[in-house]
Amino acid sequence: MVKGSSRNPSLSLLPQLSPHLPQQVSHGLNRPIRKCLRRLDSRYYIDAYTWDKSYNSRLQYAKLDVNMVQQLHQKKLNGITGQCNVPTMEEYVQVTTSFLGMGKVASFEWVSNDPNMVMALSLLCRLMNDIVSHKLEQEREHVPSSVECYMKQRGVSEEDTVKLFREEIRNAWKVINEERLRPTPDPMPLLDRIMNLARAMDVTCWKDGDGFTNSFILKDYVASLFKDPLP
């Protein structure tokens, strides 16, 4: 039996697929499109389709796009490191404003009313981070995380708490996806920012462990985005 097939029955079908499909199906189950960071996933699928010669011309354009964007990232990083990560007050305010305000598309009234998408994102980020980091944080005598708080309040085990939190994370993803797909008068760039933060958390702080604390987990991702061009 394929490893992990007991948790996901779909995995048991992998040996029946043509030679190039099992890896792609396994990747898709582990990192669905709605949860992936598109730039990272594009690198995966460019490599995954190199065997199919009918995609050659499109792959060349895709590689060109990846390399051009990577060069832009490198220029920005060079500018940041050249400043020695201490900006002027004007630069600091500008960066903060662009991150929080997003110019004319910002809708602070919408955000301040705690819409479902924002509440789901907050819950998702909090629970993901606490599940993967709470043990180490308690060794460092940090304040109790949501895991410890729930265990004490409900009188349940860590295993049961984490199981419940994982279900809450799945439900939060459902809310985010539903709200993103629902017709709305709110600016799409604002909704995309929320969606992308959820994706970033799923990649950097969930499936592979706490990438914020253990930065080596993110090494290949960083190299793929900022360092290694496609041939």
Side-chain angles (χ1 to χ4, degrees), residues 8 27-42 69 73 76 87 90-134 137 142-154 156 158 160-213 217-218 221 225:
N8 192 330
H27 176 82
L29 291 172
N30 181 60
R31 187 74 65 196
I33 290 177
R34 299 294 292 180
K35 295 184 179 181
C36 73
L37 290 173
R38 294 177 182 177
R39 281 288 161 185
L40 284 177
D41 233 36
S42 66
V69 172
H73 287 325
K76 291 182 179 179
E90 290 76 14
E91 290 169 337
Y92 181 84
V93 172
Q94 182 179 11
V95 171
T96 305
T97 301
S98 65
F99 179 73
L100 296 177
M102 296 181 62
K104 296 180 180 179
V105 303
S107 180
F108 288 111
E109 182 178 356
W110 179 76
V111 174
S112 64
N113 288 328
D114 296 329
N116 290 338
M117 193 173 188
V118 173
M119 296 298 289
L121 174 69
S122 299
L123 180 66
L124 178 146
C125 291
R126 181 72 275 154
L127 297 187
M128 279 185 174
N129 183 261
D130 284 353
I131 287 175
V132 299
S133 66
H134 77 100
E137 289 177 353
H142 280 213
V143 296
S145 73
S146 59
V147 176
E148 283 75 35
C149 290
Y150 191 87
M151 289 170 61
K152 183 176 181 179
Q153 179 182 356
R154 301 291 184 177
V156 295
E158 177 185 347
D160 289 340
T161 299
V162 170
K163 182 179 180 181
L164 173 67
F165 282 8
R166 288 181 181 276
E167 183 62 29
E168 290 294 321
I169 290 170
R170 285 190 287 269
N171 291 335
W173 265 116
K174 291 178 183 178
V175 172
I176 291 173
N177 284 325
E178 289 172 359
E179 294 295 318
R180 178 60 182 79
L181 295 174
R182 191 193 312 275
T184 174
D186 301 300
M188 278 301 168
L190 190 63
L191 303 185
D192 286 339
R193 179 66 62 92
I194 295 170
M195 188 79 195
N196 286 336
L197 179 54
R199 289 167 170 162
M201 284 296 296
D202 197 83
V203 171
T204 61
C205 192
W206 187 234
K207 291 289 182 65
D208 301 320
D210 184 4
F212 294 117
T213 302
I217 293 174
L218 305 180
Y221 293 149
L225 284 175

* Asked: Which atoms form the tightest heavy-atom contact between V156 and D160, and what is the distance?
  -> CB-CB, 4.4 Å

* Could you tell me whether M119 atom CE has more than 12 heavy atoms of other residues or ligands within 6.0 Å of it? => no

* Quick one: are D202 and W173 in side-chain contact, heavy atoms under 4.5 Å? -> yes

* Shortest non-hydrogen contact from A200 toward L37 -> N-CD2, 3.8 Å

* Give a yes or no on whether L181 atom CG has more than 12 heavy-atom contacts from other residues, nucleotides or ligands under 6.0 Å away. => yes

* Taking all heavy atoms of H134 and all of V147, pick out the closest pair and write down the distance. => CE1-CG1, 3.7 Å

* Asked: Looking only at heavy atoms, what is the nearest atom pair of A120 and I176, with distance?
  -> CB-CG1, 3.9 Å

* **Criterion side chain to side chain contact (heavy atoms under 4.5 Å, CB included) against N177, the qualifying member of R34, R182, M117, K35** => R34

* Would you mind reporting whether I131 and I169 have side-chain heavy atoms less than 4.5 Å apart? => yes

* Asked: Does the side chain of L121 reach to within under 4.5 Å of the side chain of M201, using non-hydrogen atoms?
  -> no

* Donor + acceptor pair across side chains of R199, N196 (<3.5 Å) -> yes

* Asked: What closest approach, in Å, do L191 and R180 show between heavy atoms, and which atom pair accounts for it?
  -> CB-CD, 4.1 Å

* Polar contact flag, side-chain donor to acceptor under 3.5 angstrom, E148-S145 -> yes

* For A172 and L124, work out which heavy atoms get closest and say how close. => CB-CB, 4.0 Å

